[in-house]
Amino acid sequence: MAGKIKAILKKLKIGRSLKVRLFIIIFLMGFIPSIFMRVGILENYESRAIDVRISDVQTQLKIIANHLITYNYLQDTSSEVIGAELEQLSNLYNGRVLIINESLKVIKDTYGISEGKTIISEEVIKCMKGINTANHDRVNGFIEITIPIVENISAQNATEDQPEGTEIVRGVMLISVSTDTIVATMEILNRKALILGIIMAICTFAIALVLAQILIRPFDRISRAISEVKEGYTDEPISVPDYLETEHIVDAFNSLIARMKALDDSRQEFVANVSHELKTPITSVKVLADSLLAQQDVPAELYHEFMEDIAQEIEREDKIINDLLALVKLDKSAAELNISVVNINELTEIILKRLRPIARKNNVEVTLISRREILAEVDEVKMSLILTNLVENAIKYNREQGKVEVTLDADHQFFTVQVSDTGIGIPEESLNQIYERFYRVDKSHSREIGGTGLGLAITRNAVLLHRGSIKAESVEGEGTTFVVKIPLSRVLI
Ligand code: ADP
């Protein structure tokens, strides 16, 4: 049954609604204490009313018990005064009074039923020993009270055994009083409390409804604001500072939007840059081809020269496209790393061998310093990209007779590749930007020497995929040092 209700609530989504939960909590917090209060007050009233009734009756009985001794009623029950007093008492409390003498015989019963009979009950015997008793019988609706009839020995009755002032129990007064009036009052009170309870329930219901609505409002505002952003009406940061919690949600949402916007901007910028970069060689090719076509009898040397230029531009276009493909591949994910144990010293030597002809052409001397043998768990192709790009840049942006020094070193966790050159250097303000796609310190110079502006972006991505770091230090006109630090083992990644 409970499971069924749960399933229905789940379907209705009510059980998951914060508003409904708040409503239930507020309602129960207002309603449950009122029930306890009602029950508590009524019970307290009943026991208090019974205590008061017992104490009233006991006071009356004590007075009459004294009269009984004074009028010697236990020996002679003819006293009309006492008879009237007893009658009045039993009428007043709607009860029955029995007077029992020392031999447990009933000498007076206001109902006249038990006179002459002997009563042996625990209460009467207890009372004979001088103890008052009072018992409430809730089921039958009466209270039974006993008090002893005590004679105080006077001076003229005093004997040796019973000196003056001795208290002797001469009999017992037993009264049964009805609790009907108390029960009736309780019923009235109960009815009133019930009405009050219903009014309170209605009030707490209304208050809970309104409070839940008010408390939930900031969340409604958030979802409205998010919808507006989603629909594209606004891209302003949203603000719902009502609660700390809403502020946190909104802050997280705003930073997510800002991040997405930055990503979108950078993508747009990238697309614009790519288009521009790809267009430049094509435009050159077109200009060169058009100028050849425009002339009638083009000398063979000029034709050859123009064709060489066209071939160079096509080569450049090809380089850009290849770099872009490499970058896109690296952008995918770290899962694409093809890890194997690579001897970094050997790999570096192979790459330097490949690059030496370019270095020679530029009159640059390349040296390798291997401080120790390095075996690292890396992706060999991506590691080659890192080394090639750094050493190629060090050669390209060097001066005549310049030097490039590649130093390999390692500790127990990381290996480092340091590539220092004696080249043109990088201005301080550009040091942070050189890793951006298509960023070049000197665009025309870079173009001249065949740069695409993508080399360091590729390098940095490859380093980051290995959970490594790359840093550059440079002094303009003196040279640049790049330091790449990569974990030796995949476990450390
Ligand atoms: P590019 O293909 O133009 O070389 P990179 O991304 O490899 O593109 O480098 C970005 C820019 O950083 C270069 O255009 C160059 O201005 C600067 N740069 C990179 N390496 C060096 C270096 N070793 N010395 C001086 N400048 C460098």
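Atoms within a ligand are numbered from 1 in the order they appear, just like the ligands themselves.
A donor and an acceptor atom, one from each side chain of Glu373 and Asn345, are nowhere located under 3.5 Å apart. If you check the side chains of Thr422 and Asn398, you find a donor sitting under 3.5 Å from an acceptor.
Ranking protein heavy atoms by distance to atom 12 (O) of ligand 1, first place goes to Ile434 CG2, 3.4 Å. Scanning all protein heavy atoms for the shortest distance to atom 5 (P) of ligand 1 gives Leu456 N, 3.5 Å. Among protein heavy atoms, atom 4 (O) of ligand 1 sits closest to Tyr397 OH, 2.8 Å. Atom 3 (O) of ligand 1 has Ser446 OG, 2.7 Å as its closest protein atom, hydrogens excluded (heavy atom only). Looking at atom 7 (O) of ligand 1, its nearest protein heavy atom turns out to be Asn393 ND2, 2.8 Å. When hydrogens are left out, the protein atom nearest atom 16 (O) of ligand 1 is Val441 N, 3.1 Å; that is the closest non-hydrogen contact. At the top of the distance list for atom 23 (N) of ligand 1, counting protein heavy atoms only, stands Asp421 OD2, 2.9 Å.
Between Glu365 and Arg399, no side-chain nitrogen of the basic residue sits less than 4.0 Å from a carboxylate oxygen of the acidic one, so the salt-bridge criterion is not met. Looking at Asp409 and Arg372, a side-chain N of the basic residue comes within less than 4.0 Å of a carboxylate O on the acidic one, giving a salt bridge.
The distance from ligand 1 to the heavy atoms of Tyr439 drops below 4.0 Å at these ligand atoms: 10 (C), 11 (C). Distances below 4.0 Å separate heavy atoms of Thr452 from the following atoms of ligand 1: 1 (P), 2 (O), 3 (O). Below 4.0 Å from some heavy atom of Ile426 lie the following atoms of ligand 1, by number and element: 18 (N), 21 (C), 25 (C), 26 (N), 27 (C). Every atom of ligand 1 with a heavy atom of Thr480 under 4.0 Å away is listed here by number and element: 24 (N), 25 (C). The ligand atoms of ligand 1 that sit less than 4.0 angstrom from a heavy atom of Gly451 are 1 (P), 2 (O), 3 (O).
The shortest separation from a heavy atom of Gly453 to ligand 1 is under 4.0 Å, placing the residue in contact.
Aromatic ring pairs are classed by plane angle as parallel below 30°, tilted from 30° to 60° and perpendicular above 60°; the pair Tyr243 and Phe219 is tilted.
Panel note: side chain Glu377, backbone Arg490; a donor-acceptor pair is recorded below 3.5 Å. Side-chain atoms of Asn363 do not come within 3.5 Å of backbone N or O of Ala359 as any donor-acceptor pair. For Ser430 (side chain) and Val441 (main-chain N/O), no donor-acceptor pair under 3.5 Å exists by modelled atom type.
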Test log, rule side-chain hydrogen bond (donor to acceptor under 3.5 Å, both in side chains), inputs Asp251 and Asn254: CA-CA 5 Å; Asp251 284 351; Asn254 284 339; 4.8 Å; no
Residue pair Ser266, Arg437: steps toward the side-chain hydrogen bond (donor to acceptor under 3.5 Å, both in side chains) verdict: CA-CA 10 Å; Ser266 99; Arg437 296 149 173 179; 4.9 Å; no
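Under 4.0 angstrom from ligand 1, there are no non-hydrogen atoms of Asn389.
Counting only non-hydrogen atoms, the option in Arg440, Lys319, Glu392 that gets closest to atom 14 (O) of ligand 1 is Arg440.
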